[in-house]
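Values in this document were obtained by computation on a predicted structure and should not be read as measured data. The figures here come from the full heavy-atom set of this structure, side chains too, leaving out hydrogens, waters and symmetry mates.
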Amino acid sequence: MKISVITAFPELMRSYAASSVLGRAVSSGKLEVRIIDVRDFSHGTYRQIDDYCYGAGGMMLMAEPLAEALESASGWGKPYVVYPSPQGTHLHQELVEDLSRKEHLTIVCGHYEGIDERFTQKYVDAEISLGDFVLTGGEMPAMAIIDAVSRLIPGVVGSASSVTEDSFYGGMLDTPHYTRPAEWRGEKVPEVLTGGDAKAIERWRRRRSVERTLERRPDVAARAGIIPWLSGGAYVVEVHYPVLGRDGEKASTAITGMDLHDIARACRAYGIKKYLLVTPIAQQREMAKRIAWHWTAGWGAEYNPDRKEAFSTLKIFASVQKALEWVREREKKEPFKIATTARRVGGAQHWLTLKRRILKDDESPLFFFGTGWGLHGEVMDMADAVMTPITGGRDGWNHLSVRSAVSITLDRFFGWR
């Protein structure tokens, strides 16, 4: 990756680029950093690069020296231009990951009141802010951006696990860390970390990360895929009986191949332990088994190995009760049962509330999805919670297929940001 920095303080940036991990990355050729002194493109006897703002305000950098400095960097290919600015998008890990995939990143460091807006409009691809405060120049934000981006370049940080275990990379805040001595001023390192049980240590770290995130930054959980942070599995139950018919009475619905294919693929993609299909009708169960056999053991397994993986999540039951018994036996505890609905139900909870509860209590979530006109009251009564309907648009229209509802729900709870 190539990074250019346009600055009025080149020695400051050169010193930073030659230091520590970043300096080693540059020396080894894993990263190329070029510091461009904007004063080299000034005009006139006094090498002027700034002037007073029109109307009111202090000094700011002029557009022409910046433009010429940027054009000098074109030898490395068309740059993606970033301007650190209080008016920019807050820097976050997903944005850092996007920046790390650019071939040539150019950072333009402003100063005083910033830079001429005409340059920003013509050349800048993204304005980025470190937070809601103001600095005297863009050099410190540039350092932060370079540091965050360079960590994601293979080989810059010695251990790949050091990157993937960082705060935010996996969707949660980092776990607490300790070093020698084992006791310091009366404070001891948690005993589990000195016991040598790798699995116990991993469980401890996972739970501490979750606790920290929910306590300090509960907003972060909204975009975290929570499967890696749970000790148990997650389950989807597609209910064909008892559901509501068109007239509101108890009914049974037919299985469709399209639902089987799409829900199985969604479950595999989001890490669901098992996709449980419930119908009391023997012929329907046999049809589903034949479809599953074709893709897991028949000709389809060799033709499409990905579909084989998807259908390996499917398990078929004659009743909801039998499906729940199977999950209890597998998890060795009662699953946290969530009913989904397209109707407004008293006491229903927002998906974020449910997601945080699952994390906090380390639940094994199980989602009921109804077919037909929705889950019958018998199934709703089995649930520990009801999730508010999926809504969008302007008028609240909500008549999604079950496979669409499954995919949206799984993405909210288990999607990777």
- Could you tell me whether the side chain of F414 reaches within less than 4.5 Å of the side chain of I226, counting heavy atoms only? yes

- Are P335 and R328 side-chain neighbours, meaning at least one heavy-atom pair lies under 4.5 Å? yes

Between atom [atom1] of [X] and atom [atom2] of [Y], what is the distance when rounded to the nearest 0.5 Å?
X	Y	atom1	atom2	answer
L152	S100	CG	OG	4.5 Å
L214	R356	CG	CZ	8.0 Å
R205	D174	CZ	CG	9.0 Å
T341	I390	OG1	CD1	10.5 Å
L61	D50	CG	CG	6.5 Å
E309	T296	CD	OG1	12.5 Å

State plainly whether the residues [X] and [Y] are in salt-bridge range, i.e. N to O under 4.0 Å.
X	Y	value
R223	E94	yes
E11	R14	yes
E202	K199	no

Can you label the angle between the [X] ring and the [Y] ring as parallel, tilted or perpendicular, going by 30° and 60°?
X	Y	value
F367	F413	perpendicular
W397	H399	perpendicular
H261	W295	perpendicular

- Item | Test log, rule side-chain hydrogen bond (donor to acceptor under 3.5 Å, both in side chains), inputs T106 and H104 | CA-CA 7 Å; T106 294; H104 180 195; 3.2 Å; yes

Scan side-chain atoms only and decide if [X] and [Y] contain a donor-acceptor pair under the 3.5 Å cut-off.
X	Y	result
S404	S407	no
S252	H240	no
Y235	E331	yes

- Task: Answer with yes or no after comparing the ring centroid distance for H376 and Y241 against a 6.0 Å cut-off, counting only values under it.
- Result: no

- Query: So which heavy atom on W373 is nearest to which on R343, and how close?
  - Reply: O-NE, 4.4 Å

